[in-house]
Amino acid sequence: MASKSFILQILAFIFIFSPLVHSIDFNFPAVFNFGDSNSDTGGLVAGIGDRLDPPNGQIFFKRPAGRFCDGRLIVDFLVVAMDLPFLNPYLDSIGAPAFRKGSNFAAAGSTILPPSPNAVSPFSFGIQVAQFLRFKNRTLELLEKGRKFQKYIPPADAFHKGLYMFDIGQNDLAGAFYSKSLDQILASIPTILVEFETGIKELYDQGARNFWIHNTGPLGCLTQNVAKFGTDPSKLDELGCVSGHNQAARIFNLQLYALCKKLQGQYFDANVIHVDIYTIKHNLIANYSRYGFEHPLMACCGYGGPPLNYDSRVPCGKTKVVNGTEITAKGCSDSTEYVNWDGIHYSEAANQYVSSQILTGKYSDPPFSDKMPFLLPLKF
């Protein structure tokens, strides 16, 4: 468990580097995204031949669209607010996808650390960075061949001027709870962040200069974790979330923030933005009715009914035979009333709220509300 002295050391480190923040100007020709299911727009589905069934995608796309959600993700709202198109997954080659405005390397289930043999996704952060490097090199090769491919791939300067977004780390923590104690998980956080820093450095060395880094959300408030680890009421907090999971998320976020401050000071010619997703999501769950929601923890698409409507044996949209009985995880009648979509991921309505808060700039370090040409003409 993180000691008081260790936390004070981190805070002192943050203070030392605070004056070195570099100003950012939002006007990006492309976005390159790295992450897990929180920002996966179809990478896992394409990469391993996974299948998403209705009602996934029902709200906006009217069909499953590679996203573990009833509609749009946070990354979808953010790129549209910047007047950019939805990001095509790097791994999706069907339908002649256009990558002129960037590419998405995120894949559901991905971790920062190299994947274990039974991992959901083989596309860990290091692999995603390697995929980006191939994407960049191949793009530059094609650009040298003339103008034939220009409408499909980004211009060469996009790799230097583009925005690099990151939302990953949730699965490193959440998955560890199935086999490790809280103290063991907390002790592993520095190793996780060394791997993350290695990937950031590699991108920086390749010319990346604009980094947008999300911290991780309140893991203990995800329906899946409440169902699995919250059967003992003493392990729950006042919101009904699993205390240990949220403690791990907060300690991870504290150390991630310290890393971001280090990077801000170390890469003086770069823009490193840290976004406090945890606070935004925790505030949403704590004050859900204020924002028009009725169910902060119960899944919209699931099986079992209240209070959680979640059964780990039956994913959203799937039908399984359990104890000789055929059961189906179905969607609720109105997903806009739910913060949680399928037990693990947020609903489109919740993602929209989170995006609107990100775009205020006040949850970011450095704050950027005065630097955003897209603050007023939001499209949602």
*Asks:* Honestly curious: do Leu186 and Tyr278 fall in one hydrophobic cluster under the side-chain, below-4.5 Å linking rule?
*Replies:*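 Different clusters.
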*Asks:* Looking at Phe196 versus Phe125, is the centre-to-centre ring distance below 6.0 Å?
*Replies:*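 Yes - the distance between ring centres of Phe196 and Phe125 falls below the 6.0 Å cut-off.
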*Asks:* For Arg72 and Asn351, what are the C-alpha separation, side-chain angles and deciding distance, and is it a side chain to side chain contact (heavy atoms under 4.5 Å, CB included)?
*Replies:* CA-CA 7 Å; Arg72 290 163 289 183; Asn351 287 332; over 6 Å; no
*Asks:* Under 3.5 Å, is there a donor on one side chain and an acceptor on the other for Thr111 and Asn171?
*Replies:*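 Side-chain D/A pair, Thr111 to Asn171: absent.
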*Asks:* Does Leu73 form a side chain to side chain contact (heavy atoms under 4.5 Å, CB included) with Asn38? I'd like the steps, not just the answer.
*Replies:* CA-CA 7 Å; Leu73 307 178; Asn38 289 314; over 6 Å; no
*Asks:* Strictly under 6.0 Å, is that where the ring centroids of Tyr164 and Phe132 end up?
*Replies:*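 That pair passes the under 6.0 Å test.
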*Asks:* Run the side chain to side chain contact (heavy atoms under 4.5 Å, CB included) test on Ile200 and Phe211 for me, step by step, so that the C-alpha distance in whole Å, both residues' side-chain angles and the decisive distance to 0.1 Å come before the verdict.
*Replies:* CA-CA 9 Å; Ile200 295 293; Phe211 301 91; 4.0 Å; yes
*Asks:* Any donor-acceptor pair under 3.5 Å linking the side chain of Thr279 with the backbone of Asp276?
*Replies:*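 Not at all, since once roles are kept as given, no pair shorter than 3.5 Å links the two residues.
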*Asks:* Check the orientation of Phe105 and Phe34. Use parallel for under 30°, tilted for 30 to 60°, and perpendicular for over 60°.
*Replies:*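 Judged by the thresholds at 30° and 60°, the geometry between Phe105 and Phe34 is parallel.
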*Asks:* Can you confirm whether the side chains of Asp237 and Ser243 place a donor and an acceptor under 3.5 Å from each other?
*Replies:*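 No, no side-chain donor-acceptor contact under 3.5 Å.
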*Asks:* Which heavy atom in Pro154 sits nearest to a heavy atom in Phe99, and how many Å separate them?
*Replies:*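 Distance-wise, the nearest heavy atoms are CD-O, 3.1 Å.
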*Asks:* Any cation-pi pair here, Arg209 with Tyr204, using under 6.0 Å and within 45°?
*Replies:*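 Satisfied, under 6.0 Å and within 45°.
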*Asks:* Mind checking whether Tyr346 and Tyr353 have ring centres under 6.0 Å apart?
*Replies:*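 Centroid distance Tyr346-Tyr353: not below 6.0 Å, so no.
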*Asks:* Once rounded to the nearest 0.5 Å, what's the spacing between atom NZ of Lys161 and atom CG of Asn27?
*Replies:*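 Reported value, rounded in 0.5 Å steps: 9.0 Å.
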*Asks:* State which residue, out of Tyr257, Trp212, Phe166, fulfils the ring pair (Phe, Tyr, Trp, His ring centres under 6.0 Å) condition with His274.
*Replies:*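 One option only clears the test, and that one is Tyr257.
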*Asks:* Could you state the interatomic distance from CG (Leu133) to CG (Leu203), rounded to the nearest 0.5 Å?
*Replies:*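 Atom-to-atom, Leu133:CG and Leu203:CG are 6.5 Å apart.
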*Asks:* Ser39 and side-chain hydrogen bond (donor to acceptor under 3.5 Å, both in side chains): which partner among Asn33, Asn104, Asp167?
*Replies:*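 Answer after filtering Asn33, Asn104, Asp167: Asn33.
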*Asks:* Please report the interatomic distance NZ(Lys228) to CG(Leu308), rounded to the nearest 0.5 Å.
*Replies:*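 Between Lys228 NZ and Leu308 CG, I get 14.0 Å after rounding to 0.5 Å.
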*Asks:* For the OG1 atom of Thr198 and the CD atom of Glu195, what is their distance to the nearest 0.5 Å?
*Replies:*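 The CD atom of Glu195 is 5.5 Å from OG1 of Thr198, to the nearest 0.5 Å.
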*Asks:* For Phe68 and Ser37, work out which heavy atoms get closest and say how close.
*Replies:*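 In this case the closest contact between Phe68 and Ser37 is CD1-CB, 4.5 Å.
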*Asks:* When rounded to the nearest 0.5 angstrom, what distance separates CD1 in Ile277 from CD1 in Ile74?
*Replies:*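 If we round to the nearest 0.5 Å, Ile277:CD1 and Ile74:CD1 are 5.0 Å apart.
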*Asks:* Identify the heavy atoms of Ile48 and Pro122 that sit nearest to each other, and give their distance.
*Replies:*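 Answer, listing the atom of Ile48 first, then Pro122: CG2-CD, 4.1 Å.
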*Asks:* Just checking Phe229 against His245, ring centres under 6.0 Å apart?
*Replies:*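 Yes - the distance between ring centres of Phe229 and His245 falls below the 6.0 Å cut-off.
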*Asks:* Can you find a side-chain donor-acceptor pair between Glu294 and Tyr338 that sits under 3.5 Å?
*Replies:*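 Side-chain D/A pair, Glu294 to Tyr338: absent.
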*Asks:* Taking all atoms of both residues into account, what is the closest heavy-atom pair of Pro296 and Val339, and its distance?
*Replies:*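 Closest pair (atom of Pro296, atom of Val339, distance): O-CB, 3.7 Å.
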*Asks:* Does Thr328 reach the main-chain N or O of Lys330 with its side chain, forming a donor-acceptor pair under 3.5 Å?
*Replies:*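 Looks like no, no N/O pair under 3.5 Å.
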*Asks:* Give, for atom CG of Leu259 and atom CG of Leu193, the distance between the pair rounded to the nearest 0.5 Å.
*Replies:*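 Output value for this atom pair is 6.0 Å.
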*Asks:* Give a yes or no on whether a salt bridge exists between Asp53 and Lys318, defined as a side-chain N under 4.0 angstrom from a carboxylate O.
*Replies:*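 Yes, this pair counts.
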*Asks:* Does Phe86 have Arg67 sitting over its ring (NZ/CZ under 6.0 Å from centre, angle to axis within 45°)?
*Replies:*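 Satisfied, under 6.0 Å and within 45°.
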*Asks:* What verdict does the disulfide bond (SG atoms under 2.5 Å apart) test give for Cys332 and Cys301, after you've listed the backbone C-alpha separation in whole Å, the side-chain angles of each residue and the deciding distance to 0.1 Å?
*Replies:* CA-CA 6 Å; Cys332 59; Cys301 186; over 6 Å; no
*Asks:* Just by distance, with hydrogens left out, do Ser181 and Asp183 show a side-chain donor and acceptor under 3.5 Å apart?
*Replies:*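 Result is no, nothing qualifies.
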*Asks:* Should Thr41 and Val75 be marked as a side chain to side chain contact (heavy atoms under 4.5 Å, CB included) after you check the CA-CA gap, both sets of side-chain angles, and the distance that decides it?
*Replies:* CA-CA 9 Å; Thr41 55; Val75 67; 4.1 Å; yes
